[in-house]
There are 2 protein chains.
Amino acid sequence: MERVFEALASTARRKILAYLNQGELTAGEIGARFEFSKPALSGHLRILEGAGLIERDKRGQFVYFRLVPDKLVNTLFAWAAEVCPTAGPLKRESRARAQRKAKAR
Amino acid sequence: MERVFEALASTARRKILAYLNQGELTAGEIGARFEFSKPALSGHLRILEGAGLIERDKRGQFVYFRLVPDKLVNTLFAWAAEVCPTAGPLKRESRARAQRKAKAR
DNA sequence: AATGTAGTTAACGAATTCATTAACTATGGA
DNA sequence: TCCATAGTTAATGAATTCGTTAACTACATT
């Protein structure tokens, strides 16, 4: 849990997660969306993987990365459930989220 | 939003939020729950306030801190809703695209 | 006015983060 | 085998974070 929040502290890493939400991407394809160097990207990916937020799959020459399903949301929910006033906002937001999702179909 | 994630990156600050969930506390009461110095605490509180997660209310000699209702949960899940694997049809479509890609090699 | 308590600000140092370049491993193709 | 591409590891340096102590402001009590 510690590691998840550390991972999310970086704007670049949050963007990577957003890109991976679209679907699986190779390291190179992710890197093409940023300015920084390959080693920098490699570090970010290692941190996200260490947090359990993404997983890697090496196929031939390429390394594919994808989100670990539900991991992010589960962690955030589990933590927020402890920290937030549970009676009101969490439930309300939960409903709102379900509605946004439904709308997206 | 940036500031919210920066604020959450610190274990101490996440604990402070958890304490404030119980209800309003003075800076001193919060400080009593930690080892570190008063200036250190003051810095954490400033960061949490800057992120809009807590608000302060000076009454006489004391400064009371409390959670800004809904702010944390709203920010967190508004963001997560964009980044997380969307459930249902969208997700299936995403997978299908990944498979087409894999097949194309 | 004098003193004590609550809290912040300032200045500084240690540790960590985040990026870089250079060198390496591994796969694929000529 | 030779070379190009994909990616990681190592070493390094700049910037930021996080803590400290010392000094300050504000309020309350005597």
Side-chain angles (χ1 to χ4, degrees), chain A residues 1-20 22-68, chain B residues 1-20 22-68 98 101-105:
Chain A
M1 220 224 39
E2 174 77 16
R3 297 201 178 182
V4 169
F5 283 104
E6 279 172 10
L8 295 181
S10 151
T11 304
R13 288 192 291 269
R14 290 197 303 277
K15 276 188 191 168
I16 291 174
L17 292 177
Y19 284 131
L20 288 179
Q22 319 282 350
E24 198 177 51
L25 289 175
T26 69
E29 288 168 336
I30 298 169
R33 290 157 167 79
F34 293 93
E35 295 298 327
F36 50 63
S37 65
K38 285 200 292 184
L41 174 66
S42 185
H44 286 309
L45 292 171
R46 188 170 36 75
I47 288 173
L48 287 168
E49 189 185 19
L53 293 173
I54 67 175
E55 54 194 6
R56 83 176 59 210
D57 178 20
K58 174 151 190 176
R59 296 203 294 273
Q61 197 175 1
F62 300 92
V63 182
Y64 288 84
F65 291 89
R66 60 172 160 278
L67 294 183
V68 171
Chain B
M1 222 222 39
E2 174 75 16
R3 297 202 176 180
V4 169
F5 283 104
E6 279 172 11
L8 295 180
S10 151
T11 305
R13 287 193 290 269
R14 290 197 304 277
K15 276 188 191 169
I16 291 175
L17 291 178
Y19 285 131
L20 288 179
Q22 318 282 351
E24 198 177 51
L25 289 174
T26 69
E29 288 168 337
I30 298 170
R33 290 158 167 80
F34 293 93
E35 295 297 328
F36 50 62
S37 65
K38 285 201 290 181
L41 173 66
S42 186
H44 286 310
L45 292 172
R46 187 170 37 74
I47 288 172
L48 287 168
E49 189 185 19
L53 293 173
I54 66 176
E55 54 193 5
R56 83 177 58 209
D57 179 18
K58 175 152 190 177
R59 295 204 293 273
Q61 198 174 1
F62 301 92
V63 181
Y64 289 84
F65 290 89
R66 61 172 160 277
L67 294 183
V68 171
K101 219 176 181 182
K103 226 172 193 175
R105 271 153 226 285

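Here is how names work: the chains are called A, B, and so on, in the same order as the sequence lines, proteins then strands, and each is numbered from 1. Hydrogens, waters and symmetry mates are skipped; everything else that's a heavy atom, side chains included, is used.
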Scanning both residues in full, the closest heavy-atom pair of B:T26 with B:E29 reads N-OE1, 2.9 Å
Please report, rounded to the nearest Å, how far the P atom of C:dA6 is from the OH atom of B:Y64. 11 Å
At the 4.0 Å heavy-atom cut-off to chain B, mark where contacts on DNA chain D begin and end, going 5' to 3'. D:dC18 to D:dA28
[X] vs [Y] side-chain heavy atoms within contact, under 4.5 Å:
{"X": "A:E2", "Y": "B:R14", "value": "yes"}
{"X": "A:I30", "Y": "A:L45", "value": "yes"}
{"X": "B:L17", "Y": "B:L53", "value": "yes"}

For B:R13, check salt bridge (charged side-chain N to carboxylate O under 4.0 Å, His left out) against everything at least two apart and list the hits. none
According to the interplanar angle, ranging from 0 to 90°, do the rings of B:Y19 and B:F34 count as parallel (below 30°), tilted (30 to 60°) or perpendicular (above 60°)? perpendicular
For residues 45-56 of chain A, the side-chain hydrogen bond (donor to acceptor under 3.5 Å, both in side chains) pairs (sequence neighbours left out) are A:E49-A:R56, A:E55-A:R66
Using a 4.0 Å cut-off on heavy atoms, which residues in residues 45-60 of chain B reach DNA chain D? List them by number, or say none. B:K58, B:G60
Applying side-chain contact (heavy atoms from CB on, under 4.5 Å), run through B:I16 and B:L41 and close with a yes or a no. CA-CA 9 Å; B:I16 291 175; B:L41 173 66; 3.9 Å; yes
Here the residues of residues 31-43 of chain A within 4.0 Å heavy-atom distance, strictly under, of DNA chain C are A:F36, A:S37, A:P39, A:A40
C:dA19 OP1/OP2 closer than 4.0 Å to side-chain N/O of A:H44: yes
Can you name the side-chain hydrogen bond (donor to acceptor under 3.5 Å, both in side chains) partners of A:E35, sequence neighbours left out? none
Is the count of non-hydrogen atoms from other residues, nucleotides or ligands lying under 6.0 Å from A:R3 atom CZ greater than 12? no
